[in-house]
J.: 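Handing you this structure, nothing more for now.
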Amino acid sequence: MKKFFILTALLAVFGLTSCEKEPSKAIVGTWEAVKMEATIAGIDMTMDMSEWKMKMEFTFNADGTGSMLLETEGNSEKSTFEYTVNGNLLSLVEGDETSGIPISFDKKTMVAEMSGEIFGLGDNGAKVKVYFEKK
C-alpha cells in the first residue's frame, strides 16, 4: 500500500510539473510571425516583421487543417493546407507538395527552422528561423 501511495504521488508531481504540451496539441491556434533570422549566401540577417510592414500568420485547427495569411504592402494572400506533427517535425501538405519543418516551443513562442529551398532560394546553404507568437 505504501509503494502504491509513493508511486501515485510521484506520478501526480510529474503530471503537475509538466509545463509544455506535446507539440501536436500545442500548435493548435493562430500564430503570428514576429521575427526572422536568416543566413543567405554566408550573410547573417535578423528581421523584425513589423519593420518590414509584413504580416505572416498561420492558423492550425485541431482537425489537422490550417490556413496561412500573408500581407505585404496592401497585398493579401491566403492559402489552406493540411498538417501533421510528429514529435518536433511539422509536415505541411498543400496540394501535391509536402514540406517537413522542424519546430520547437517555448511557452507562447514557436520557432520554425527552414532551408532556403522552401523559400525558393535554391540549395545555397540558406537557413531561416521564423519566430512566431501565439495570438
Side-chain angles (χ1 to χ4, degrees):
M1 182 71 164
K2 187 176 180 180
K3 288 181 185 179
F4 177 74
F5 174 76
I6 292 170
L7 179 59
T8 304
L10 284 173
L11 289 175
V13 168
F14 286 125
L16 291 173
T17 58
S18 175
C19 59
E20 296 296 322
K21 295 180 187 176
E22 62 184 83
S24 62
K25 292 180 182 173
I27 200 168
V28 173
T30 300
W31 297 85
E32 185 172 356
V34 293
K35 180 174 84 170
M36 191 180 303
E37 293 176 350
T39 301
I40 301 171
I43 300 170
D44 293 331
M45 299 175 249
T46 299
M47 299 157 267
D48 183 321
M49 301 300 274
S50 64
E51 291 175 6
W52 279 52
K53 297 178 183 170
M54 174 189 236
K55 180 178 184 178
M56 183 189 318
E57 194 173 89
F58 283 84
T59 299
F60 296 94
N61 303 313
D63 67 357
T65 62
S67 61
M68 192 246 343
L69 172 67
L70 180 61
E71 294 178 352
T72 55
E73 297 183 15
N75 296 320
S76 181
E77 181 182 326
K78 190 169 185 174
S79 61
T80 58
F81 54 84
E82 294 179 1
Y83 76 93
T84 58
V85 178
N86 187 5
N88 286 334
L89 184 66
L90 168 65
S91 294
L92 294 177
V93 180
E94 188 175 7
D96 294 343
E97 294 185 33
T98 301
S99 301
I101 303 168
I103 56 173
S104 59
F105 293 91
D106 179 21
K107 297 185 183 176
K108 291 193 175 232
T109 302
M110 175 176 64
V111 180
E113 297 184 42
M114 297 166 262
S115 70
E117 288 186 22
I118 291 174
F119 288 103
L121 298 173
D123 189 16
N124 63 358
K127 293 185 175 139
V128 178
K129 277 188 182 181
V130 182
Y131 295 80
F132 294 88
E133 288 184 356
K134 197 166 196 174
K135 292 179 80 176

J.: Within the 4.5 Å heavy-atom criterion, are M49 and M54 side-chain neighbours or not?
T.: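 Contact flag for M49/M54 side chains = yes.
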J.: More than 12 non-hydrogen atoms from neighbouring residues, nucleotides or ligands closer than 6.0 Å to CD on E71, yes or no?
T.: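 Yes.
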J.: Start with the C-alpha distance between S104 and V111, add both sets of side-chain angles, then the distance that settles side chain to side chain contact (heavy atoms under 4.5 Å, CB included), and finish with yes or no.
T.: CA-CA 5 Å; S104 59; V111 180; 3.7 Å; yes
J.: Would you mind reporting whether F60 and L90 have side-chain heavy atoms less than 4.5 Å apart?
T.: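 Touching, per the 4.5 Å side-chain cut-off.
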J.: Pair F105, F132 - check ring pair (Phe, Tyr, Trp, His ring centres under 6.0 Å), show working.
T.: CA-CA 10 Å; F105 293 91; F132 294 88; over 10 Å; no
J.: When rounded to the nearest 0.5 angstrom, what is the spacing between OG1 in T72 and NZ in K55?
T.: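 The NZ atom of K55 is 12.5 Å from OG1 of T72, to the nearest 0.5 Å.
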J.: Are Y131 and M45 grouped together when hydrophobic residues (ILVMFWY) are joined by side-chain heavy atoms under 4.5 angstrom apart?
T.: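 Hydrophobic grouping puts Y131 apart from M45.
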J.: Whether the S67 and T80 side chains hold a donor-acceptor pair (N or O, under 3.5 Å, no angle test) is what I'd like checked.
T.: no
J.: For the pair K134 (side chain) and V28 (backbone), establish whether a donor and an acceptor sit closer than 3.5 Å, ignoring hydrogens and angles.
T.: yes
J.: Ignoring hydrogens, what is the shortest heavy-atom contact between V34 and D48? Give both atom names and the distance.
T.: O-OD1, 3.7 Å
J.: Are the side chain of D63 and the backbone of T65 linked by a donor-acceptor contact shorter than 3.5 Å?
T.: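 Side chain of D63 to backbone of T65, a donor-acceptor pair under 3.5 Å: yes, one is there.
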J.: Do the non-hydrogen side-chain atoms of M36 and M56 ever get within less than 4.5 Å of each other?
T.: yes
J.: From N61 CG over to I27 CD1, what is the distance, rounded to the nearest 0.5 angstrom?
T.: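 Separation between the atoms: 11.0 Å.
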J.: From L70 CG over to F58 CZ, what is the distance, rounded to the nearest 0.5 angstrom?
T.: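 These two atoms lie 8.5 Å from each other.
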J.: In Å and rounded to the nearest 0.5 Å, what is the NZ to CE distance from K78 to M68?
T.: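 Here the rounded value is 10.5 Å.
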J.: Which heavy atom of P102 sits nearest a heavy atom of L89, and at what distance?
T.: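 For P102 versus L89, the nearest heavy atoms are N-CD1, 3.8 Å.
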J.: To the nearest 0.5 Å, how far apart are OG1 in T46 and CD in E51?
T.: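 The CD atom of E51 is 10.5 Å from OG1 of T46, to the nearest 0.5 Å.
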J.: Say you draw a straight line from OG1 of T109 to CH2 of W31; how long is it, rounded to the nearest 0.5 Å?
T.: 7.0 Å
J.: So do the side chains of E32 and E57 get within less than 4.5 Å of each other, counting heavy atoms only?
T.: yes
